[in-house]
Amino acid sequence: MAPQRRAAPRGPESGGTAAGPDRGGRRHSSAKKSRGQQASRWRWLKAALLLSSAAIGGLLSWSYLRAEDGVTEVLAHHSESLQDKFIEIPCSEDYNSHKRFEGCTPRKCGRGVTDAVITREEAERIRRIAERGLSLGGSDGGASILDLHSGALSLGKHFVNLYRYFGDKIQDIFTEEDFALYRDVRHRIQQRIAQAFGISSASMYLTKPTFFSRINNTEAKTTHDEYWHPHVDKVTYGSFDYTSLLYLSDYTEDFGGGRFVFMDAGSNKTIEPRAGRVSFFTSGSENLHRVEKVHWGTRYAITISFTCNPDHGIGDPVLM
């Protein structure tokens, strides 16, 4: 009797005793549909979570790479022509471990960049000097050196003295006009550095190494090809007090990568090379720096270094 009493209220919905099995089927079908919808929602949610995780992971990876690269400010864009830009920074203690020369040894430290000292036409002429000299040799790796002062020239995995190695052939490669332009460019850069740091240019002496560099993306074959490592000029070369670079090719037009990077605490500062652009800086660890790897093309530049110690001075190159 109990089952009959429970069935009576359901009569209007079922229409008799045959309604029981049909109602159960609908409940079963509804449950399956509900479970299917729930599974579909879970699949969608899982996909959304995976996509979100990928996006967040990508953002974190990008942020990490940016933090590792550290390039947060461009001091000089390749597309702009700068009259003068100078940033003063505190001097390191590197100079205290070397003999000081009053009126020259850095007390004011910093870094500067200018496009107003050397013209692009002069940079092109200087570049042709480098191209002709380096055509005599070149490294098997990605970085080749030509030093007109000492005669050092990259050749394969080694260096040779181009004046002795090629002898009279040098007269067919370089001219007196080439060397006169080289001396004039060096002199103007020296004067600009002296002006920026408030010293007399007469108290500065050209020092070694001063050299042309040609860099491409060829795989390094020796440690001399590994130009991209961070370094401090005063630590690497004790004679350096002031370092300058004259760029002879254009970033993004002649080559990719190869930017000059000052590695400051917390943020890096970048200079994008431009033919005729001069960057200069005091050589201590206040100006830790590196050069990015060149990804394509060829980057030409000349490093011109100065010392305050006359014992470490060198003369301008002469055509032998």
Side-chain angles (χ1 to χ4, degrees), residues 123-175 178-179 181-183 185-186 206-233 235-240 243-251 254-261 273 275 279 283 289-305 312 314-320:
E124 177 60 30
R125 290 170 58 194
I126 290 286
R127 174 174 168 167
R128 287 198 293 268
I129 297 172
E131 289 174 335
R132 293 198 303 272
L134 286 163
S135 71
L136 299 172
S139 171
D140 286 344
S144 298
I145 298 299
L146 169 64
D147 183 338
L148 293 179
H149 303 265
S150 69
L153 172 68
S154 299
L155 187 64
K157 295 182 176 64
H158 307 284
F159 293 91
V160 297
N161 185 305
L162 67 92
Y163 298 119
R164 289 199 296 266
Y165 196 83
F166 296 100
D168 293 340
K169 186 179 180 181
I170 294 300
Q171 303 289 334
D172 300 326
I173 303 298
F174 304 120
T175 66
D178 292 334
F179 280 60
L181 175 62
Y182 183 96
R183 290 190 294 269
V185 165
R186 186 275 304 165
L206 194 65
T207 194
K208 62 181 180 181
T210 286
F211 57 91
F212 288 105
S213 60
R214 183 186 69 192
I215 303 175
N216 58 37
N217 66 346
T218 304
E219 182 182 354
K221 298 299 191 297
T222 72
T223 55
H224 297 295
D225 298 317
E226 298 179 7
Y227 56 84
W228 54 83
H229 299 297
H231 63 279
V232 173
D233 290 345
V235 174
T236 306
Y237 310 105
S239 62
F240 279 36
T243 306
S244 68
L245 294 103
L246 168 60
Y247 298 106
L248 305 176
S249 49
D250 293 314
Y251 173 68
D254 299 314
F255 62 92
R259 295 180 299 176
F260 185 96
V261 183
S279 66
S283 304
H289 61 275
R290 66 181 179 90
V291 173
E292 294 176 331
K293 288 185 178 181
V294 170
H295 303 310
W296 59 267
T298 306
R299 177 191 191 270
Y300 284 91
I302 178 171
T303 299
I304 304 175
S305 49
H312 295 304
I314 61 173
D316 286 309
V318 294
L319 191 58
M320 298 179 180

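Keep in mind that the numbers below use all heavy atoms, side chains included, and drop hydrogens, waters and symmetry copies.
Counting heavy atoms from C-beta on, the side chains of Y300 and R214 come closer than 4.5 Å. Considering only heavy atoms from C-beta on, L248 stays 4.5 Å or farther from D254 through its side chain. In this structure, the side chains of F240 and V235 stay at 4.5 Å or more apart for every pair of heavy atoms. The shortest distance between side-chain heavy atoms of L153 and L134 falls below 4.5 Å. Looking only at side-chain heavy atoms (C-beta outward), I215 and Y227 come within less than 4.5 Å of each other. Contact of the F255 side chain with the N217 side chain is not registered, since no non-hydrogen atoms from C-beta on lie closer than 4.5 Å. The shortest side-chain heavy-atom distance between K221 and E219 falls under the 4.5 Å cut-off. Annotation: side chain of H149 is in contact with side chain of Y182 (closest heavy-atom distance under 4.5 Å).
Considering every non-hydrogen atom in both P273 and G258, the closest pair reads CG-O, 3.8 Å.
A donor-acceptor contact under 3.5 angstrom links the side chains of T175 and D178, judged on distance only. With hydrogens and angles left out, the side-chain atoms of S283 and T243 include a donor and acceptor closer than 3.5 Å.
Atom CG of D172 sits in a crowded spot, with more than 12 heavy atoms from other residues, nucleotides or ligands closer than 6.0 Å. Under a cut-off of 6.0 angstrom, the local environment of CZ in F179 is crowded, with over 12 non-hydrogen atoms contributed by other residues, nucleotides or ligands. Remark: K208 NZ is loosely packed, at most 12 non-hydrogen atoms of other residues, nucleotides or ligands lying under 6.0 Å away. For R132, the CZ atom is densely surrounded, since the number of other residues' heavy atoms within 6.0 Å is greater than 12.
Under the 30°/60° scheme for interplanar angles, the aromatic rings of H231 and H289 are found to stand perpendicular.
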